[in-house]
Every structure is written in C-alpha cells, then in structure tokens.
Q: 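Please read through the structure below; I'll follow up with questions.
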2 protein chains.
Amino acid sequence: MSKKEIILSKALELFASRGYDATSTRQIATEAHVSEGLIFRHFHNKEGLLEAVLLQGINKATQYIEPILEMTDPRQIIESAICLPTHVPIEEHEFWKLLYTLKWQRANYPQEAFDQLQQKLTAAFESLGFESPELEAQLIEIYIDGLATEILLRGGDPTALTQKILTKYFKNEH
Amino acid sequence: MSKKEIILSKALELFASRGYDATSTRQIATEAHVSEGLIFRHFHNKEGLLEAVLLQGINKATQYIEPILEMTDPRQIIESAICLPTHVPIEEHEFWKLLYTLKWQRANYPQEAFDQLQQKLTAAFESLGFESPELEAQLIEIYIDGLATEILLRGGDPTALTQKILTKYFKNEH
DNA sequence: TATTTTTGTAAGTGATTACTCACTTTTATG
DNA sequence: CATAAAAGTGAGTAATCACTTACAAAAATA
C-alpha cells in the first residue's frame with residue numbers, strides 16, 4: 001500500500017465518520033503518518049482529495065451495477081436491484097455512508113450509475129406489462145435507499161426487510 | 001421579527017444549504033445584519049445555535065405527526081403517513097433538508113417523533129391483520145423518506161409517486 | 001425617575017485552517 | 001553512472017475559525 005493509497009483510505013475513513021468539512025487535512029496527514037504537504041502534492045487541494053476518494057468508490061459502485069445492466073430477465077433485474085444493499089461488504093460501509101451524506105450536501109454528487117440502473121429497471125417493468133414502469137423503477141430506488149439506510153445508519157439486519165420487499169413483487173414464486 | 005429570530009432563520013438557511021461545519025458564525029452574523037457576539041449572547045456557542053434551530057423545527061414536525069397519533073382508523077393512519085411529505089410547505093423545505101443531512105452526520109439526531117409514528121403504524125397494520133406489521137411500518141417509513149428525498153433533493157412533484165404508493169395499500173378503494 | 005437587566009456592539013483572543021515553499025530523499029531513465 | 005523526475009518532508013504563510021471581553025444603548029422594573 002503506497003502512501004498515496006494510505007492517504008486515500010484514511011481520508012475516506014475520516015470524511016465518512018466526521019464529515020468532509022469537519023475533517024482537516026492535518027488530521028488526515030497525522031493519521032496516515034505522512035506530512036501534510038504530501039496530500040497537496042498528490043491531490044492538489046482538499047476538494048481534489050475528496051474527488052479522488054469518490055472516484056475510487058464510484059468504480060466500486062459500477063462493479064455492482066454493471067452485471068445487472070447486462071441481464072435480460074426482467075424478474076432477475078428487479079430482484080438483483082433490491083438485493084444490491086445486502087451485497088455490500090462491511091469494509092465498504094464507510095464509503096457508502098460518505099456518499100449518502102454528500103448526496104444531501106453537494107451538488108456534484110455522482111449518480112450516473114444509479115440513473116443507468118433506473119433506466120434498466122424501467123425497461124424491466126415495461127416488459128412485464130406494468131402500468132407505470134417509471135414510477136415502479138423509482139419505487140425500487142426508494143427501496144434501495146431505505147435498505148441502505150437501515151444497514152449503514154442503524155446497523156440493522158436487512159434480510160427480513162429485503163424478503164418483505166421481494167414478496168411484494170414475487171408473491172407466488174420461490 | 002426580533003434579532004434573535006433573524007439569527008435563527010439565517011442559521012437554518014445557511015446550515016441547510018452549505019452544511020453545519022461549512023457555515024461560520026461570522027457568515028451568519030453578516031447575513032443576519034447583527035454582530036457576531038450577539039450569536040454567542042443568545043445561544044452560548046455554535047452547537048447551541050444548531051440545537052435551537054433543530055428545536056423549533058422539531059416542534060413543527062410534532063405538529064404534523066400528532067394528529068395522526070390521535071387517529072383510530074388504521075387505513076386513515078397509513079394514508080396520512082404516506083401523504084405526510086406532500087403537506088410540507090415550501091418555506092419549511094430548508095429545515096427538512098438540514099434534518100436529512102444531520103441524520104447522516106450526527107449521533108444526536110432527534111427521531112422521537114418518528115419512532116412514535118412507526119409504533120402507531122405497526123399497530124395499524126396489526127389491526128388490519130397484516131402478516132408482519134413491524135416490517136410493513138418500516139416500509140412506510142422508507143416510503144416517507146423516499147418521497148421526502150424526491151421533493152427536497154430533486155425538487156420533483158411527488159403526487160404521482162404518492163398515488164402509486166397509496167394504490168399499493170388501497171387498491172380497490174377511492 | 002433611578003436602577004437593574006437585557007440586548008447589542010466593536011475589537012479583540014489564541015487556535016486552527018487550507019495551502020505553499022524550499023529543500024532532501026528516493027526512484028526511474030538514458 | 002549521471003541526471004532528471006517523482007516522492008516526501010517540515011517549517012512556514014495569511015486567513016479564518018469559534019469565542020471572549022469591555023463597554024454602550026435600550027428596555028424593564030422599582
């Protein structure tokens with residue numbers, strides 16, 4: 001793990017737990033055991049550090065969503081989307097907490113990947129003959145956010161809730 | 001409007017738009033056209049100002065939820081809960097944005113009123129003979145959060161989505 | 001009216017902020 | 001091996017931070 005990577009991971013950790021504005025570059029440098037100047041050599045400024053942290057996380061997010069975008073069975077698409085939050089490993093929780101915080105704070109919040117997912121979901125509901133596929137897709141997004149909140153914020157077990165949501169769409173199956 | 005009230009409203013405005021940590025007491029004082037010292041005379045410190053801002057907002061929130069807690073018809077309880085976000089006037093949007101931001105940042109986030117609502121919803125689903133009333137109540141909470149996000153963050157019109165959710169529970173009525 | 005209390009201000013305080021700069025060490029390259 | 005580029009440091013910088021203090025104006029109270 002290079003010093004650049006250590007800075008990134010410590011920045012993620014502190015940004016997620018205390019917030020971007022409440023975290024100083026000195027704090028990050030101290031905890032990462034590097035000089036404060038190195039942060040600015042690698043990331044130009046604090047905002048650049050945040051963007052770098054987000055970028056590596058977005059790549060992770062894309063890895064979750066991409067397989068769903070390649071699916072053809074509409075039921076599988078919907079089920080996979082609902083189950084997304086349950087497949088996030090604990091070591092990534094901090095990143096997602098950061099992302100959900102920034103969602104309410106920053107205009108440049110990256111949501112391209114999620115938009116693609118929603119389009120895929122809309123198409124899935126359309127092919128299943130749902131009345132208003134766009135609204136149904138939006139509902140799934142709400143479910144995902146709700147499940148993510150349950151996991152990340154309350155630290156709860158989402159399996160029961162996930163099952164409940166799944167049965168709303170696949171009553172007579174399984 | 002007293003100077004104390006002007007400080008409170010400007011603090012709410014800035015906390016909601018830029019975030020608590022990114023907003024300085026000097027900024028608040030300047031925009032409120034008062035001396036910075038007056039903030040500390042009235043609210044002791046910055047944290048006290050935030051708590052005062054939250055307190056006056058929580059009282060508003062309780063006013064929304066209290067009528068539902070007094071209802072007896074389970075269907076009316078559920079419907080009223082789902083419709084809650086649509087009844088928030090535009091002038092209160094900033095406060096709710098602040099509350100949703102703090103939800104992800106601060107441990108002392110006040111959620112008593114929402115807990116009461118969820119208990120009421122659980123009882124409502126129970127009396128209607130639902131299989132897992134607690135999970136159903138949790139789902140309603142997720143719907144509320146989702147609708148609030150749609151309104152506050154994306155500035156969208158939530159009526160279509162609200163109707164969609166309502167029909168999930170009251171298919172053969174209206 | 002005299003006095004106390006509340007409200008308000010201006011000018012500070014030391015600490016901390018993001019960031020820079022001169023410089024050394026390490027790594028890569030011709 | 002020589003040289004240049006990259007990585008890394010430590011001691012700075014001006015600006016800003018939350019907050020204090022001494023004091024004046026206004027309001028309330030006696």
Side-chain angles (χ1 to χ4, degrees), chain A residues 1-57 94-95 98-99 101-102 104-110, chain B residues 1-57 94-95 98-99 101-102 104-110:
Chain A
M1 213 178 188
S2 70
K3 293 205 173 184
K4 191 177 178 182
E5 288 170 318
I6 295 171
I7 292 172
L8 270 173
S9 72
K10 275 293 167 192
L12 166 60
E13 190 183 316
L14 291 167
F15 286 165
S17 60
R18 304 177 197 198
Y20 170 76
D21 291 301
T23 304
S24 70
T25 50
R26 174 161 297 175
Q27 261 183 315
I28 297 166
T30 305
E31 294 223 10
H33 300 289
V34 296
S35 65
E36 200 179 348
L38 191 59
I39 292 176
F40 296 93
R41 172 149 320 261
H42 281 307
F43 306 100
H44 189 54
N45 53 29
K46 196 186 173 186
E47 184 79 22
L49 175 58
L50 175 64
E51 274 167 28
V53 166
L54 285 179
L55 190 69
Q56 67 165 10
E94 270 171 352
F95 166 74
L98 172 63
L99 211 65
T101 309
L102 292 173
W104 287 94
Q105 269 186 348
R106 303 187 79 83
N108 60 333
Y109 164 80
Chain B
M1 213 177 187
S2 70
K3 291 202 172 183
K4 190 177 177 181
E5 287 170 319
I6 295 171
I7 292 172
L8 270 172
S9 73
K10 275 293 168 192
L12 166 59
E13 189 183 316
L14 290 168
F15 285 165
S17 60
R18 303 179 197 197
Y20 171 76
D21 291 303
T23 305
S24 72
T25 50
R26 174 161 296 176
Q27 261 183 317
I28 297 167
T30 304
E31 294 222 10
H33 299 290
V34 296
S35 65
E36 199 180 349
L38 192 59
I39 292 175
F40 296 92
R41 165 122 305 159
H42 280 308
F43 305 101
H44 188 55
N45 53 30
K46 196 186 174 186
E47 184 78 23
L49 176 58
L50 175 64
E51 274 167 28
V53 166
L54 284 179
L55 191 68
Q56 68 165 10
E94 271 171 352
F95 165 74
L98 172 62
L99 211 65
T101 309
L102 292 173
W104 286 95
Q105 268 187 348
R106 302 186 80 82
N108 59 334
Y109 164 80

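Here is how names work: the chains are called A, B, and so on, in the same order as the sequence lines, proteins then strands, and each is numbered from 1. It should be emphasised that the depicted structure is a prediction, and the values quoted were computed from it without experimental measurement.
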Q: Whole Å only: how far is the NZ atom of B:K4 from the P atom of C:dT7?
A: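 So the two atoms are 7 Å apart, to the nearest Å.
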
Q: Which atoms form the tightest heavy-atom contact between B:Y20 and B:L50, and what is the distance?
A: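 Answer, listing the atom of B:Y20 first, then B:L50: CE1-CB, 3.7 Å.
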
Q: Output side-chain donor-acceptor pairs under 3.5 Å for residues 6-18 of chain B, partner residues at least two apart or in another chain, one line each.
A:
{"from": "B:S9", "atom 1": "OG", "to": "B:I6", "atom 2": "O", "distance (Å)": "3.1"}
{"from": "B:K10", "atom 1": "NZ", "to": "B:E13", "atom 2": "OE1", "distance (Å)": "3.4"}
{"from": "B:S17", "atom 1": "OG", "to": "B:E13", "atom 2": "O", "distance (Å)": "3.0"}
{"from": "B:S17", "atom 1": "OG", "to": "B:L14", "atom 2": "O", "distance (Å)": "3.4"}

Q: Enumerate the protein-to-nucleotides 9-12 of chain D contacts in which both atoms are nitrogen or oxygen and the separation is below 3.5 Å.
A:
{"from": "D:dT9", "atom 1": "OP1", "to": "A:K3", "atom 2": "NZ", "distance (Å)": "3.0"}
{"from": "D:dT9", "atom 1": "OP2", "to": "A:S35", "atom 2": "N", "distance (Å)": "3.0"}
{"from": "D:dT9", "atom 1": "OP2", "to": "A:S35", "atom 2": "OG", "distance (Å)": "3.1"}

Q: Could you give the CD1-to-P distance, from A:I6 to D:dA7, as a whole number of Å?
A: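 After rounding, the reported distance stands at 14 Å.
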
Q: Answer whether the closest heavy-atom distance between the side chains of B:K4 and B:F43 falls below 4.5 Å.
A: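 Yes. Closest side-chain heavy atoms under 4.5 Å.
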
Q: Would you kindly give the CZ-to-C1' distance between A:F43 and C:dT20, to the nearest whole Å?
A: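 In whole Å, C:dT20 C1' and A:F43 CZ are 18 Å from each other.
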
Q: Rounded to the nearest Å, what distance is computed from the CG atom of residue A:D21 to the C1' atom of nucleotide D:dT16?
A: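 It works out to 14 Å between those atoms.
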
Q: Between C1' on D:dT16 and NZ on B:K46, what's the gap in Å once rounded to a whole number?
A: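 The distance from NZ of B:K46 to C1' of D:dT16 comes to 12 Å, rounded to the nearest Å.
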
Q: Take the protein atom NE2 of A:H44 and the nucleotide atom P of C:dC21, then report the distance between them rounded to whole Å.
A: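 Atom NE2 in A:H44 sits about 12 Å away from atom P in C:dC21.
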
Q: Using heavy-atom distances to pick each residue's nearest nucleotide on DNA chain C, tell me which of A:N45 and B:S2 is more 5'.
A: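 Nearer the 5' end of the strand: B:S2.
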
Q: For B:T25, what residues pass the side chain to side chain donor-acceptor pair (under 3.5 Å) criterion, not counting sequence neighbours?
A: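 B:T25 satisfies side chain to side chain donor-acceptor pair (under 3.5 Å) with B:E36 only.
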
Q: Return a table of donor-acceptor pairs under 3.5 angstrom between the side chains of residues 28-35 of chain A and protein atoms on other chains or two or more places apart.
A:
{"from": "A:T30", "atom 1": "OG1", "to": "A:R26", "atom 2": "O", "distance (Å)": "2.8"}

Q: Within this structure, what is the CZ-to-C1' distance between A:F40 and D:dA6, rounded to whole angstrom?
A: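 To the nearest whole Å, that distance equals 19 Å.
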
Q: Closer than 4.0 Å, any side-chain N/O of A:S24 to the OP1 or OP2 of C:dT16?
A: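 Answer is no, no contact under 4.0 Å.
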
Q: Just jot down the side chain to side chain donor-acceptor pair (under 3.5 Å) partners of A:T101, sequence neighbours excluded, or say none.
A: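 Per chain and number, A:T101 pairs via side chain to side chain donor-acceptor pair (under 3.5 Å) with no residue.
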
Q: Taking only side-chain N and O atoms of A:H42, does any of them lie within less than 4.0 angstrom of OP1 or OP2 on D:dG8?
A: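 Yes.
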
Q: Does anything in residues 37-47 of chain A form a salt bridge (Lys or Arg N to Asp or Glu O under 4.0 Å)? List the pairs, not counting sequence neighbours.
A: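 Every salt bridge (Lys or Arg N to Asp or Glu O under 4.0 Å) pair that includes a residue of residues 37-47 of chain A, provided the two are not neighbours, is A:E47-A:R106.
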
Q: In whole angstrom, give the distance that lies between atom CD1 of A:I39 and atom C1' of C:dC21.
A: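 From A:I39 CD1 to C:dC21 C1': 17 Å.
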
